[in-house]
Amino acid sequence: MTYWLMKSEPSAWSWDQQVAKGMSGEAWVGVRNHTAKLNMMKMKKGDRAFFYHSNEGKEIVGIVEIIREHYPDPTDKTGKFVCVDIKADKPLKKPVTLIAVKAEKALADMDLLKQSRLSVGSVKPDEWKLICRMGGI
DNA sequence: GCCAACGTTGGC
DNA sequence: GCCAACGTTGGC
């Protein structure tokens, strides 16, 4: 099991919209960055990812599960990029803000902080556990 | 193949 | 609304 963090602007695609999709999930399309693409290609069915709201909120709000491994992004005309399908797993009882992540020394190495523009980053198991605890799970 | 110019993302 | 970081584009 590998852990990930996926960022979305709530105005484009929010956690609430993801939850509304239920078990059928939704394709995570529109990624046009090769580092993010490589991360998506490493994702396995059953992997978990944090769902992060950028710009508005700036907090980790929930956990999603990868339900379909990478395939060509239908919204990409060049055919270079891929997407995965995800479904909402559960919300954090208490969202973990960017401020809280920054305040935690054990999380200083996260892609979220080191590469603020990367929309799909990996999360180490220890980081995952800590954020879950901070989020009340 | 280098690098300047430009566009986009995202925190502040 | 500003600006830093960084990816992409295009001229040479």
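Residue numbers start from 1 in every chain, and the chains themselves are labelled A, B, ... in the order their sequence lines are given, proteins ahead of strands.
- Residue Lys80(A) places no side-chain N or O under 4.0 Å from the OP1 or OP2 atom of dT8(C).
- Between the CZ atom of Arg117(A) and the P atom of dC6(B) there is a distance of 17 Å, rounded to whole Å.
- In this structure, CD of Glu59(A) is placed 14 Å from C1' of dG11(B), rounded to the nearest angstrom.
- Note on Tyr52(A): every side-chain N or O is 4.0 Å or more away from OP1 and OP2 of dT9(B).
- What separates NZ of Lys37(A) from C1' of dT8(C) is a distance of 15 Å, to the nearest Å.
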Given the rule in the side-chain contact (heavy atoms from CB on, under 4.5 Å) test, do Glu65(A) and Asp47(A) qualify, once you have shown the distances and angles that lead to the verdict?
CA-CA 6 Å; Glu65(A) 181 182 338; Asp47(A) 280 355; over 6 Å; no
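- The separation between Lys58(A) atom NZ and dT9(B) atom P is 17 Å, rounded to whole Å.
- Nucleotide dG11(B) holds its P atom 9 Å from the CD atom of Glu9(A), rounded to whole Å.
- Separating the CD1 atom of Ile99(A) from the P atom of dG10(B) is a distance of 17 Å, rounded to the nearest angstrom.
- Taking hydrophobic clusters as Ile, Leu, Val, Met, Phe, Trp and Tyr residues chained together by side-chain heavy-atom distances below 4.5 Å, Trp15(A) shares a cluster with Val84(A).
- Using modelled atom types, one side-chain atom of Asp76(A) and one backbone atom of Lys80(A) make a donor-acceptor pair closer than 3.5 Å.
- Listed candidates were dG11(B), dT8(C), dG10(B). Nearest to the side chain of His34(A) is dT8(C).
- For the pair Arg32(A) CZ and dG7(B) P, the interatomic distance rounds to 19 Å; values are reported in whole Å.
- Protein atom CG of Asn55(A) is 15 Å distant from nucleotide atom P of dT8(B), rounded to whole Å.
- With a 6.0 Å cutoff to the six-membered ring centre and a 45° limit on the axis angle, Arg48(A) does not count as a cation-pi contact of Phe50(A).
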